[in-house]
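Convention: sequence-line order gives letters A, B, ...; per-chain numbering from 1.
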Number of protein chains: 2
Amino acid sequence: MRLKQAFDGEEGGETKRRLLAAAINVFAEQGYNAATLREITSAAGVNIAAVNYHFGSKQALMRAVFHRLARPVNELRLKLLDEYEEQAGGRPLSLEQILDALFRPIVFLSRERKTGGFALVRLIIQVRALPQPFMNSVLSEQFDPVASRIVDALCRSLPHLTREEVFWRYDFALGAMLHVISDADRGLRRLHRLSGGLCDTDDPARITDELIRFVVAGMRGPGQDQTSRKAGEERDAANTRAVT
Amino acid sequence: MRLKQAFDGEEGGETKRRLLAAAINVFAEQGYNAATLREITSAAGVNIAAVNYHFGSKQALMRAVFHRLARPVNELRLKLLDEYEEQAGGRPLSLEQILDALFRPIVFLSRERKTGGFALVRLIIQVRALPQPFMNSVLSEQFDPVASRIVDALCRSLPHLTREEVFWRYDFALGAMLHVISDADRGLRRLHRLSGGLCDTDDPARITDELIRFVVAGMRGPGQDQTSRKAGEERDAANTRAVT
DNA sequence: GTCTATAACACGATAGAC
DNA sequence: GTCTATCGTGTTATAGAC
């Protein structure tokens, strides 16, 4: 029953566990293509043949890595949504709650190198940069349920937007989050450098704070059907507030 | 004088030109690591040894590709900023103008496969997903000047934000743009699929429109020092407007 | 400038002993 | 379950003829 266990990894003994842990780091660090099974097995301290025995192939190992990393984050997101919805008792959630459930689990995890949250973000970006057909199923399976829940919640809390507009803005929000999180990586840190050190991309609370403030305002902005007259009024009002 | 020409490519004859054009496509399609010089030279219809003769190495070829793709986009961005600032005659630019200069060149170019704009976005995301030290210099050289101009303009137009907050929001805006643009790639298209076809990620005018509306609202949102009382008022006002 | 031929090495996967 | 040894194939880079 090897295939049944292929996505887990807690099961299957020490060798399999060490292999998965090493694969997380090497895939995240080198990318799927550049990562070699020799480097992974060497880092895990196991024989090179163990990958094929325990996982079947390099692709299957990659899928197991992704599954392992994404599952706890998305489970936590859904759990937070459940809690907030129970508190709300039928009323729409606040935007802050929805975005907190979406962002906080992955932002905080991403700053803890030990637990592999750092690796998850790198792998998500890698899959977006070089879409690989064999990853599509894992990606959908892991992220689609959360996306649906979030978008539905956003629609309830943003009645001035069409469902299409909510989808666009959900995607913008996700992009902003992934971008800023991935920027803290060793070898990149463009925001930290560009800002002359002003922006500390290692502080997850600060990132979440700035991110939610920006996205909440962006979500609340007028939709396409709001007239330009109204948008103009809001703009003037905002400028007046800012200056005074 | 090979090195002097290494970043250009218009110069240097037909073989070099064809090589660079093929390299743009193959690097974008396969990623730097997975792309092989055999595939590039084969697509260009030139001999495999030509890469080393004309560019010196695979890394140098990649740098030349990036240089060639990024330069026209950033030159156009700076040209737009110049025009808008001349029109404004010393007054701060509108947010719409600043973001138009930042987004429009790359969003529109990215939907034209022929001219390689599609390739530029993929390569930017690839470099972010797998930072490679030999790319840092090209990246800074190409993008830092634009980033500085944009952030300075934003600071003038957003007096209610600190410079640090402007940097954060600039990064969020960039991430939202790159994410949504990269999503239209063959093999990904998650937004299109998740939204049940509602969001057409192939329409650059629509993308720019939605993007600028979202980002403008996000930028105008209250900063960290704005009291929660004030933020609460704005939120209530927004909700009231939305419901009525 | 462009070619062929090849050096020197790394890869994923597997067969088969233990 | 874990090992060694190896197959077949791929890579970048270069040497040297034309």
Side-chain angles (χ1 to χ4, degrees), chain A residues 1-6 8-27 29-66 126 130 132-135, chain B residues 1-6 8-27 29-66 126 130 132-135:
Chain A
M1 294 310 299
R2 231 169 56 201
L3 284 180
K4 190 171 167 296
Q5 301 185 6
D8 292 324
E10 279 93 336
E11 322 164 16
E14 181 71 2
T15 298
K16 190 171 183 180
R17 206 190 50 76
R18 292 162 60 92
L19 210 38
L20 196 54
I24 287 173
N25 286 321
V26 177
F27 278 138
E29 211 76 53
Q30 312 282 350
Y32 175 75
N33 283 314
T36 70
L37 297 185
R38 283 177 164 81
E39 183 175 358
I40 292 169
T41 52
S42 166
V46 307
N47 188 271
I48 173 121
V51 169
N52 264 274
Y53 179 79
H54 286 285
F55 294 92
S57 70
K58 188 185 180 183
Q59 290 193 0
L61 177 59
M62 176 66 168
R63 278 194 294 265
V65 162
F66 215 91
Q126 282 175 28
L130 289 166
Q132 284 165 343
F134 76 92
M135 289 297 298
Chain B
M1 292 309 297
R2 232 168 57 202
L3 284 180
K4 190 171 169 296
Q5 301 185 7
D8 293 323
E10 280 92 335
E11 323 165 16
E14 181 69 3
T15 298
K16 189 170 183 180
R17 205 191 52 76
R18 291 162 61 92
L19 209 39
L20 194 54
I24 287 173
N25 286 320
V26 177
F27 278 139
E29 212 74 54
Q30 313 283 349
Y32 174 76
N33 284 313
T36 69
L37 297 186
R38 280 179 163 78
E39 184 174 357
I40 292 170
T41 51
S42 166
V46 306
N47 188 270
I48 176 139
V51 169
N52 263 274
Y53 179 78
H54 286 286
F55 294 92
S57 71
K58 189 185 181 183
Q59 289 193 359
L61 178 58
M62 174 67 167
R63 277 194 295 264
V65 162
F66 215 92
Q126 283 176 26
L130 288 167
Q132 285 166 343
F134 77 89
M135 289 297 297

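In this entry the distance linking CD1 of A:Ile40 with C1' of C:dG12 reads 11 Å, nearest Å. Straight-line distance from the CZ atom of B:Arg17 to the C1' atom of C:dT2: 17 Å, rounded to whole Å. As a whole-Å value, the separation of A:Lys58 NZ from C:dG12 P is 5 Å. One interatomic measurement links the two molecules: CG of A:Asn33 to P of C:dA10, which rounds to 18 Å at whole-angstrom precision. Atoms NZ (A:Lys16) and P (D:dT2) sit 11 Å apart, rounded to a whole Å. Atom-to-atom, CG of A:Leu37 to P of D:dT9 comes out at 19 Å; the value is rounded to the nearest Å. In this structure, A:Leu19 places its CG atom 13 Å from P of C:dG12, rounding to the nearest Å. For the pair B:Tyr53 OH and D:dA15 P, the interatomic distance rounds to 15 Å; values are reported in whole Å.
Within 4.0 Å (heavy atoms only), A:Ala35 reaches sugar-phosphate atoms of the nucleic acid but no base atom.
Within the model, atoms CD1 of B:Ile24 and CD of B:Glu29 stand 12.5 Å from one another, a figure rounded to the nearest 0.5 Å. The distance from the CG atom of B:Leu130 to the CG atom of A:Leu130 is 7.5 Å, given to the nearest 0.5 Å. Taken from OG in B:Ser42 to CG in B:Asn47, the straight-line distance is 11.0 Å, to the nearest 0.5 Å.
Evaluation of the ring pair (Phe, Tyr, Trp, His ring centres under 6.0 Å) rule for B:Phe66 yields no partner, not counting sequence neighbours. By the side chain to side chain contact (heavy atoms under 4.5 Å, CB included) test, B:Ala50 is found to be paired with B:Thr15, B:Leu19, B:Val46, B:His54, residues two or more places apart in sequence or in another chain being considered.
Close to C:dG1, at under 4.0 Å from its OP1 or OP2, lies no side-chain N or O of B:Thr15.
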Any chance you could lay out the side chain to side chain contact (heavy atoms under 4.5 Å, CB included) test for A:Leu61 and A:Leu20, step after step, and finish with the verdict? CA-CA 8 Å; A:Leu61 177 59; A:Leu20 196 54; 4.2 Å; yes

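Residue B:His54 places its side chain closer to C:dT2 than to any other of D:dT11, D:dT6, C:dT2.
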Polar atoms only, N or O, under 3.5 Å: list the protein pairs with nucleotides 14-18 of chain C and their distances.
from   : atom 1 : to      : atom 2 : distance (Å)
C:dT14 : OP2    : A:Asn52 : OD1    : 3.3

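In this structure, A:Lys58 is not positioned above the aromatic face of A:Phe27 in the sense of NZ or CZ being under 6.0 Å from the six-membered ring centre and within 45° of the axis.
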